[in-house]
Amino acid sequence: MAFDLPAAWHVKDPAGELAEGGGAFAEVRNQAGKVMATLRTNMATGSTCTERYPYEVLDSAGIPVLVQGGVVPQFVFETRGNAATPGLYSTPAAGYGITSGPAASGPDACPIFQFFRWPPNAAMFGASYDPDNNATPGDPSLPYLELARKYRDTAEYADIKKMITSLRPAG
């Protein structure tokens, strides 16, 4: 797999122990050394949706070059939970990355599970949104989900989205 890296950002590869059977595990860091996303392949996946949370899709885009089995993966920046109904760990959560799972619909959704089909099983390329890590404008005391919405309009987020959606098979 290959992707376009923003200027002044760098990749740490490998970023840790690889999955059994190999694969890739890389971290993408910005010029300040903060992790903006991780890429892992050869991931064993499985999720059970036992709880559902209010959600919001802040941004999405198809990535046709990664199609597997007729399914076009989507880049998504999404949230789970709100002040009235916390998500996992009793807090709202937000994350950006690639998913080939079904799109959320209705008033609530399963926890964020951003994996996409990639031989021999699955891969992930993304990260959780963290206002202490991701350069977010505005008053840092604003509610988490409001900060996530503000982050969507930043140059850093645009670089992340461009990088992640440039992922393609190598060669």
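Summarising the geometry of Asn30 relative to His10, their closest heavy-atom pair is O-CE1, 3.9 Å, with the distance given to 0.1 Å. Residues Ala127 and Ala37 come closest through the heavy atom pair CB-CA, 4.0 Å. Heavy atoms only, all atoms of each residue included: Arg80 and Ala109 are closest at NE-CB, 3.6 Å. Looking at every heavy atom in both residues, Phe77 comes nearest to Ala94 through CE1-CB, 4.1 Å.
The side-chain heavy atoms of Met36 and Asp159, taken from C-beta on, include no pair separated by under 4.5 Å. Between Leu167 and Met1, some side-chain heavy-atom pair lies under the 4.5 Å cut-off. Side-chain contact between Pro140 and Leu147 is absent, with no heavy-atom pair separated by less than 4.5 Å. The side-chain heavy atoms of Asn42 and Pro119, taken from C-beta on, include no pair separated by under 4.5 Å. Side chains of Leu39 and Val28 form no contact here, defined as non-hydrogen atoms less than 4.5 Å apart. Pro137 places a side-chain heavy atom less than 4.5 Å from the side chain of Thr154. At a threshold of 4.5 Å between non-hydrogen side-chain atoms, the residues Trp9 and Gln31 count as touching. Contact check for Cys110 versus Arg52: side-chain heavy atoms found under the 4.5 Å cut-off.
Once rounded to the nearest 0.5 Å, the distance linking CD1 of Ile63 with CZ of Arg168 reads 12.0 Å. Here the straight-line distance linking atom OG of Ser100 with atom CD of Gln74 works out to 10.0 Å at 0.5 Å rounding. In this structure, OH on Tyr53 lies 10.5 Å from CG on Asp108, to the nearest 0.5 angstrom. The structure places CG of Asp59 at 3.5 Å from NZ of Lys161, a figure rounded to the nearest 0.5 Å. If you take CZ on Arg152 and OH on Tyr96, they are separated by 15.0 Å, rounding to the nearest 0.5 Å. Atom CD of Glu78 and atom OG1 of Thr99 lie 7.0 Å apart (nearest 0.5 Å).
Using the six-membered ring where Trp is involved, Tyr157 and Phe75 have ring planes that are tilted, between 30° and 60° apart. Aromatic ring pairs are classed by plane angle as parallel below 30°, tilted from 30° to 60° and perpendicular above 60°; the pair Tyr151 and Tyr129 is tilted. In this pair, Phe3 and Phe125 present their aromatic rings tilted. The plane angle is within the 30 to 60° band.
With respect to Asp132 and Lys34, no salt bridge is recorded, no charged nitrogen being found less than 4.0 Å from a carboxylate O.
No donor-acceptor pair closer than 3.5 Å links the side chain of Thr41 to the backbone N or O of Ala123. Judged by distance alone, with hydrogens and angles left aside, the side-chain atoms of Tyr55 form no donor-acceptor pair with the main-chain N or O of Ile112 at under 3.5 Å. Under the 3.5 Å distance criterion, the side-chain polar atoms of Asp4 are left unmatched by any main-chain donor or acceptor of Lys162. At distances below 3.5 Å, not a single donor-acceptor pair connects side-chain atoms of Gln68 with backbone N or O atoms of Arg117.
Under a hydrophobic clustering in which Ile, Leu, Val, Met, Phe, Trp and Tyr are joined whenever their side-chain heavy atoms come within less than 4.5 Å, directly or via other members, Val76 and Tyr144 fall into different clusters. The hydrophobic cluster containing Leu5 does not contain Val35, counting ILVMFWY residues as joined when their side-chain heavy atoms lie under 4.5 angstrom apart, directly or transitively. There is a path of hydrophobic side-chain contacts, each under 4.5 Å, that joins Val11 to Trp118. At a threshold of 4.5 Å between side-chain heavy atoms, the hydrophobic network of Ile, Leu, Val, Met, Phe, Trp and Tyr places Val72 and Phe116 in two separate groups.
Between the side chains of Asn134 and Thr136, no donor N or O sits under 3.5 Å from an acceptor N or O.
For Phe115 and Phe113, the ring centers sit closer than 6.0 Å to each other.
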